[in-house]
There are 2 protein chains.
Amino acid sequence: MSGFKSDQYGTCTFTVKQACPIELTMHIFGGKWKGIILSLLSQSPMYYNAMRREIPGISQRILTLQLRDLENDGIIEREETNDNPKKVLYYLTALGEDFVPILKSIETWGNAYLCKKNEHKRS
Amino acid sequence: MSGFKSDQYGTCTFTVKQACPIELTMHIFGGKWKGIILSLLSQSPMYYNAMRREIPGISQRILTLQLRDLENDGIIEREETNDNPKKVLYYLTALGEDFVPILKSIETWGNAYLCKKNEHKRS
DNA sequence: CGGTATCCAAGTCGATACTG
DNA sequence: CAGTATCGACTTGGATACCG
């Protein structure tokens, strides 16, 4: 992806009219871990450390980065508790909820794809 | 994305079971121009140069690369004519066709997103 | 017409260490 | 607990030139 900040998409000037929102959406959800994050948050709101535990292999830096991206793009929101030390709860916005059905279709397609590939290997 | 070749996904070992096919799918369709390419091919099969004309700003190298990716992942196929000079027709496979409805949902979501963002700017 | 080859810039991820 | 800072590695995309 090439140097776009989310806010710049408002002035997108593609001549292929319908392609632009697709690229935008793929850019928003295309981070390496964003699918996992979204599918976790689609089940219930979740605290930062709970997410880390549910996503083995992700580093603190990367989790924070991806969460910031999603927050800046209006897909999730964060809410700090008053505990000490504080905890931060993440949850989907309405915009994020709207994407969940699409995420499910994507998951379904991916599973079908894996099946077909495995068929190929066996033959 | 991190060094995965498509074929390696068959041995994916994520503990978050459902997240893997999502990441796989986003990886297959996540290239910068793949959305545009797919939405063009969803309308009709298309020759290489016709695609170039319909996607202003893409270079030959990149178009070829993205087409190769999609071909290797089983989303599109190519067919050379016997003309001289030869022409190459690209078209969706069944697997690719299956993704078209999802692409439409993604486009719809993206348009809704752009609307909301523009509302924000005006207020 | 439909590509390759080369070379470079930018983006993205990751490991590690440190902090309020 | 939930980050930030730094630095390095790899991937992706782009400009340009050339080829069968």
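The chains referred to below are lettered A, B, ... by the order of the sequence lines, with proteins before strands, and numbering in each begins at 1. Because the structure is predicted, anything quoted here is derived from the model rather than measured.
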Participant: To the nearest 10 degrees, how far apart in direction are the end axes of the helix from C:dC1-D:dG20 to C:dG20-D:dC1, each fit to five base pairs?
Facilitator: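 Result, rounded to 10 degrees: 50°.
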Participant: Please list, pair by pair, any protein nitrogen or oxygen found under 3.5 Å from a nitrogen or oxygen in nucleotides 2-8 of chain C.
Facilitator:
unit_1	atom_1	unit_2	atom_2	d
C:dG2	OP1	B:V88	N	2.7
C:dG2	OP2	B:N49	N	2.9
C:dG2	N7	B:Q60	NE2	3.2
C:dG3	OP1	B:R68	NH2	2.8
C:dG3	OP1	B:R78	NH1	2.6
C:dG3	OP2	B:R78	NH1	3.4
C:dG3	OP2	B:Y90	OH	2.7
C:dG3	N7	B:Q60	OE1	2.8
C:dG3	N7	B:Q60	NE2	3.1
C:dG3	O6	B:Q60	OE1	2.6

Participant: Whole-Å distance between D:dG3 C1' and A:E71 CD?
Facilitator: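 Distance check: A:E71 CD to D:dG3 C1' gives 13 Å.
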Participant: In whole angstroms, how far is the P atom of D:dA2 from the CD1 atom of A:I37?
Facilitator: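 Distance, rounded to whole Å: 14 Å.
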Participant: D:dG14 P sits how many Å from B:I58 CD1, rounded?
Facilitator: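 To the nearest whole Å, that distance equals 7 Å.
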Participant: What heavy-atom pair brings B:G74 and B:L95 nearest, and what distance separates the two atoms?
Facilitator: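 So the minimum-distance heavy-atom pair works out to O-CB, 3.6 Å.
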Participant: Using the side chain to side chain donor-acceptor pair (under 3.5 Å) criterion, which residues pair with B:T93? Sequence neighbours excluded.
Facilitator: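 Partners of B:T93 under the side chain to side chain donor-acceptor pair (under 3.5 Å) test: none.
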Participant: Nearest whole Å is fine: how far is C:dC1 P from B:L63 CG?
Facilitator: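 Taking CG of B:L63 and P of C:dC1, I get 14 Å after rounding.
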Participant: Does A:H27 place a side-chain N or O at less than 4.0 Å from the phosphate oxygens OP1/OP2 of D:dT12?
Facilitator: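 For D:dT12, neither OP1 nor OP2 has a side-chain N or O of A:H27 closer than 4.0 Å.
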Participant: Under the rule for side chain to side chain donor-acceptor pair (under 3.5 Å), what residues qualify as partners of A:E80, not counting sequence neighbours?
Facilitator: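 By the side chain to side chain donor-acceptor pair (under 3.5 Å) rule, A:E80 matches A:R78.
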Participant: For the pair made of CE in B:M51 and P in C:dC1, what is the distance, rounded to whole Å?
Facilitator: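 Rounding to the nearest Å, CE of B:M51 and P of C:dC1 are 15 Å apart.
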Participant: On DNA chain C, does the nearest nucleotide to B:R53 precede the nearest nucleotide to A:L65 from the 5' side, or the other way round? Give the residue.
Facilitator: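 Taking each residue's closest nucleotide, the earlier one in sequence belongs to B:R53.
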Participant: In whole Å, what is the span from the CE atom of B:M26 to the P atom of C:dC13?
Facilitator: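 Going from CE in B:M26 over to P in C:dC13 covers 12 Å.
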Participant: Under the rule for side-chain contact (heavy atoms from CB on, under 4.5 Å), what residues qualify as partners of A:S105, not counting sequence neighbours?
Facilitator: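 A:S105 satisfies side-chain contact (heavy atoms from CB on, under 4.5 Å) with B:I102 once adjacent residues are dropped.
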Participant: Clusters formed by hydrophobic residues whose side-chain heavy atoms approach within less than 4.5 Å: which one holds B:Y47, and what are its other members?
Facilitator: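 ILVMFWY cluster around B:Y47 also holds B:L89.
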Participant: Of all residues at least two apart in sequence or in a different chain, which pass the side-chain contact (heavy atoms from CB on, under 4.5 Å) check with B:T108?
Facilitator: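 Here no residue qualifies.
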Participant: Show the atom names and distances, to 0.1 Å, of all donor-acceptor pairs under 3.5 Å that link a side chain in residues 59-66 of chain A to residues at least two apart or in another chain.
Facilitator:
unit_1	atom_1	unit_2	atom_2	d
A:S59	OG	A:I62	N	3.3
A:T64	OG1	A:Y48	OH	2.9
A:T64	OG1	A:Q60	O	3.0
A:Q66	OE1	A:W33	N	3.3

Participant: Rounding to an integer number of Å, can you tell me how far A:K32 NZ sits from C:dA15 P?
Facilitator: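 Computing the A:K32:NZ to C:dA15:P distance gives 9 Å.
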Participant: With sequence neighbours excluded, tell me which residues meet side-chain contact (heavy atoms from CB on, under 4.5 Å) with A:D98.
Facilitator: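 Here the qualifying residues are B:W109.
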Participant: So, A:E77 versus A:Y90: side-chain donor-acceptor pair below 3.5 Å or not?
Facilitator: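 The answer is no; no qualifying pair exists.
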Participant: Atom CE of A:M46 to atom P of D:dC1: distance rounded to whole Å?
Facilitator: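 My rounded result for the distance is 15 Å.
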